[in-house]
Amino acid sequence: MQEDELTVLISKTAALMEQFERRCDEIDQRLLTSSEELQKLTQQLPAVVKQSAIESMQAVPGQVSSQVQLGISRPVAEYQQRLDKAGNDIGHASHSLAQQIKQIENLQRLLIWKVIGITAACFLLLLGGGVWLSMHYTKVIEENQISADLMKTYNNADLVMCEKGQLCANVDIKGKHYGDHRQYVPVLSR
């Protein structure tokens with residue numbers, strides 16, 4: 001019965017570990033995808049800025065250079081502000097992502113230690129149970145050994161059932177007598 005319970009416990013533990021590993025793999029995949037997207041965005045950012053500047057320059061081809069500078073300086077400043085804000089947002093997101101990764105790693109370590117602890121406890125319980133069973137059955141075997149020796153002696157003696165469940169023996173009348181009153185004589189072998 002205990003072995004069945006241990007087998008069920010071990011299978012549940014294995015299923016829990018498999019589910020945990022699957023979730024860790026999913027989280028790793030999400031983190032990798034987010035990191036790749038973040039790298040793509042940072043690589044595209046200079047090209048977007050350049051493209052935006054080119055488009056801004058093309059939008060005002062007929063104005064005087066001072067008007068161009070005046071007209072561009074405000075959008076560039078606004079764009080710079082947006083760019084700074086986007087950089088800050090990306091920094092905060094990457095910091096938050098790093099904290100989440102650290103929390104996941106701590107959780108994974110804790111789960112691994114719990115699994116190791118449970119496995120060690122199960123092993124110690126099995127070992128203790130095995131030692132107890134072997135000691136118990138060693139004692140039972142020793143007790144039965146005495147009974148077996150006695151049964152061999154009874155089987156070798158010439159004994160039969162007499163009337164009304166009485167035990168009769170073929171005794172050696174000429175043999176040596178035993179007991180306090182010398183009332184016992186050896187039983188002949190079959």
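Note that the numbering runs from 1 along the sequence shown for the chain. Quick note: numbers below take in every heavy atom, side chains included, and nothing from hydrogens, waters or symmetry partners.
- Residue C122 holds its SG atom at 12.5 Å from CG of L127, rounded to the nearest 0.5 Å.
- With values rounded to the nearest 0.5 angstrom, R30 atom CZ is found 10.5 Å from Q100 atom CD.
- To the nearest 0.5 Å, atom NZ of residue K40 and atom OG of residue S35 are 11.0 Å apart.
- Cluster note: I90 groups with L38 through ILVMFWY side-chain heavy atoms spaced under 4.5 Å, whether in direct contact or through intervening members.
- Cluster annotation: L97 and I27 are assigned to the same hydrophobic cluster (Ile/Leu/Val/Met/Phe/Trp/Tyr, side-chain heavy-atom contacts under 4.5 Å, transitive).
- Cluster note: I116 groups with I112, W113 through ILVMFWY side-chain heavy atoms spaced under 4.5 Å, whether in direct contact or through intervening members.
- I104 and F20 fall into different hydrophobic clusters, where Ile, Leu, Val, Met, Phe, Trp and Tyr residues are linked whenever their side-chain heavy atoms come under 4.5 Å apart, directly or through other members.
- The OG atom of S11 sits 11.5 Å away from atom CD of E18, with the distance rounded to the nearest 0.5 Å.
- Not counting sequence neighbours, the partners of Q80 by the side-chain hydrogen bond (donor to acceptor under 3.5 Å, both in side chains) test are D84.
- Within a 6.0 Å radius of NE2 in H136, more than 12 heavy atoms belonging to other residues, nucleotides or ligands are found.
- Contact check for T119 versus F123: no side-chain heavy atoms found under the 4.5 Å cut-off.
- Here CG of L32 is found 10.0 Å from CD of E37. Values are rounded to the nearest 0.5 Å.
- For Q166, the CD atom counts as loosely surrounded, since its 6.0 Å shell holds 12 or fewer non-hydrogen atoms of other residues, nucleotides or ligands.
- Here the OG1 atom belonging to T13 is positioned 5.5 Å from the CD1 atom belonging to I118, to the nearest 0.5 angstrom.
- Side-chain contact between R22 and D25 is absent, with no heavy-atom pair separated by less than 4.5 Å.
- The main-chain N or O of Q29 is found under 3.5 Å from a side-chain atom of T33 such that the two form a donor-acceptor pair.
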